[in-house]
Amino acid sequence: MNKKILVFSAGRTGSTVVWQSLREIAPKAEKIHTVEMIDYLSDSLDCIIVERDPVTSFLSSVRCEVFDGNTQRFLECIASTDLTQLVQIYNSKLAAVEYVKEKYKGRTLLLHYDDFNNNYDYLFSQFEKFLNISIDEADRKKIIKKTDRNSNLKTQSTLTDFHSTDPDTFIHGNHIATFSEDQYNFINLESQAILRKALVYEGCPPFYTVQRGDDV
């Protein structure tokens, strides 16, 4: 497929594996976050928007941006870390996603992490419907082998730290946590509730409160 397709998210939503899979079908696919989206707001390119539970994706962003992806430091220090400014920054990214969902001129496909995580059949079916294509079994197997967690962990193991990035896969060192990011059981329910209330979409000017360098 010889056309450019955007993969857009607030970051830490699983957009990397969506982009990795999509580019095997559409090599011109481009993964972008909030800052880069500014350049495309007046375009009408097909755009796949990737979302995840805001508490989980926010905490994942804190692990990466504050603790350079170091799981142990994150687990030890998260309780004593002031999250106020970090919440504000991530809120502006969430607001930007909402803005794009409502205002973007091109066609959009919304994918949620809980639906496509470990479910390539769902991901492929969404690609097929959105792009009006058919992905045969051989191509499906090739994409899965090239983009699954084991493949990305292998790439990650060759990188020294979070600031090291593999240019082909966009995987960072410490990109994938060494514990399940689906279960933040070390964050008590009260703290989770506070974060969920704080991570709201309303009231944040889209895009312009996010400075270059904030996106991962």
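Computed from a predicted structure; not experimentally measured.
The residue from Glu36, Glu51, Glu98, Glu65 that alone fulfils the salt bridge (Lys or Arg N to Asp or Glu O under 4.0 Å) condition with Lys93 is Glu65. A side-chain contact (heavy atoms from CB on, under 4.5 Å) with Phe127 holds for exactly one of Ile25, Asn132, Ile5; it is Ile25.
Judged purely by atom type and a 3.5 angstrom limit, Thr108 has no side-chain atom pairing as donor or acceptor with the backbone of Cys47. One N or O on the side chain of Arg63 and one on the backbone of Gly69 form a donor-acceptor pair closer than 3.5 Å.
Counting only heavy atoms from C-beta outward, the side chains of Asp166 and Thr158 never approach each other to under 4.5 Å. Between Phe8 and Val50, the closest side-chain pair of non-hydrogen atoms is not below 4.5 Å. Leu45 has its side chain out of reach of Glu30: every pair of non-hydrogen atoms, C-beta onward, lies at least 4.5 Å apart. A 4.5 Å side-chain heavy-atom check between Leu123 and Asp121 finds every atom pair outside the cut-off. Two residues are said to be in side-chain contact when any heavy atoms from C-beta on lie closer than 4.5 Å; Arg12 and Cys64 meet this criterion. Asn150 is not listed as a side-chain neighbour of Lys154, based on a closest heavy-atom distance of 4.5 Å or more.
Of all the heavy atoms in Ser9 and Val97, the pair that sits closest is C-CG2, 4.2 Å. Scanning both residues, Phe116 and Thr13, for their nearest heavy atoms gives CZ-O, 3.8 Å. The minimum heavy-atom distance linking Asn70 with Asn174 is given by the pair N-ND2, 4.3 Å. Of all non-hydrogen atoms in Thr169 and Trp19, the two that sit nearest each other are O-CZ3, 3.4 Å. Across Asp168 and Arg23, no two heavy atoms sit closer than the pair O-NH1, 2.6 Å. The two residues Ser15 and His33 come nearest to each other via the heavy atoms OG-CE1, 3.8 Å.
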TODO: Check step by step if side-chain hydrogen bond (donor to acceptor under 3.5 Å, both in side chains) holds for Asn152 and Gln20.
DONE: CA-CA 10 Å; Asn152 282 322; Gln20 288 176 338; 3.0 Å; yes
Task: From CA spacing to verdict: side chain to side chain contact (heavy atoms under 4.5 Å, CB included), Leu83, Phe58 - done: CA-CA 10 Å; Leu83 300 178; Phe58 168 70; 4.1 Å; yes
Open item on the list: Please determine whether side chain to side chain contact (heavy atoms under 4.5 Å, CB included) holds for the pair Phe74 and Thr81, giving the CA-CA distance in whole Å, both sets of side-chain angles, and the decisive distance to 0.1 Å.
Closed with: CA-CA 9 Å; Phe74 171 72; Thr81 302; over 6 Å; no
- [ ] Any chance you could lay out the side chain to side chain contact (heavy atoms under 4.5 Å, CB included) test for Leu86 and Tyr90, step after step, and finish with the verdict?
- [x] CA-CA 6 Å; Leu86 299 171; Tyr90 203 76; over 6 Å; no
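Checked for salt-bridge contact, Lys141 and Asp136 miss the test: no charged N lies under 4.0 Å from a carboxylate O. Note on Glu24 versus Arg140: no salt bridge recorded, every NZ/NE/NH1/NH2 to OD/OE distance being 4.0 Å or above. Under 4.0 Å is where a charged nitrogen must lie from a carboxylate oxygen, and between Asp43 and Lys105 no such pair does. Look at Asp114 and Arg52 and you find no salt bridge, because none of the NZ, NE, NH1 or NH2 atoms lies under 4.0 Å from a carboxylate O.
Atom CD1 of Ile143 is separated from atom OG of Ser151 by 12.5 Å, given to the nearest 0.5 angstrom. Distance CG/Leu159 to OG1/Thr165: 7.0 Å, rounded to 0.5 Å. Cys77 SG to Gln72 CD: the interatomic distance, rounded to the nearest 0.5 Å, is 9.0 Å. Separating the CG atom in Leu111 from the CG atom in Asn117 is a distance of 12.5 Å, to the nearest 0.5 Å. Atom CG of Leu110 and atom CD1 of Ile49 lie 6.0 Å apart (nearest 0.5 Å). For the atom pair NZ (Lys28) and CG (Leu6), the distance works out to 13.0 Å, reported to the nearest 0.5 Å.
For Lys3, the NZ atom is densely surrounded, since the number of other residues' heavy atoms within 6.0 Å is greater than 12.
Every residue two or more places apart in sequence or in another chain was checked for a ring pair (Phe, Tyr, Trp, His ring centres under 6.0 Å) with Phe130, and none qualifies. Partners of Phe124 by ring pair (Phe, Tyr, Trp, His ring centres under 6.0 Å), not counting sequence neighbours, listed by chain and number: Tyr120.
Using cut-offs of 30° and 60° for the angle between ring planes, the His175 and Phe162 rings count as tilted.
Defined by atom type and a distance below 3.5 Å, a donor-acceptor pair is present between the side-chain atoms of Ser164 and Asp161. Side chain to side chain, Tyr113 and Ser57 fail the donor-acceptor criterion of an N or O pair below 3.5 Å.
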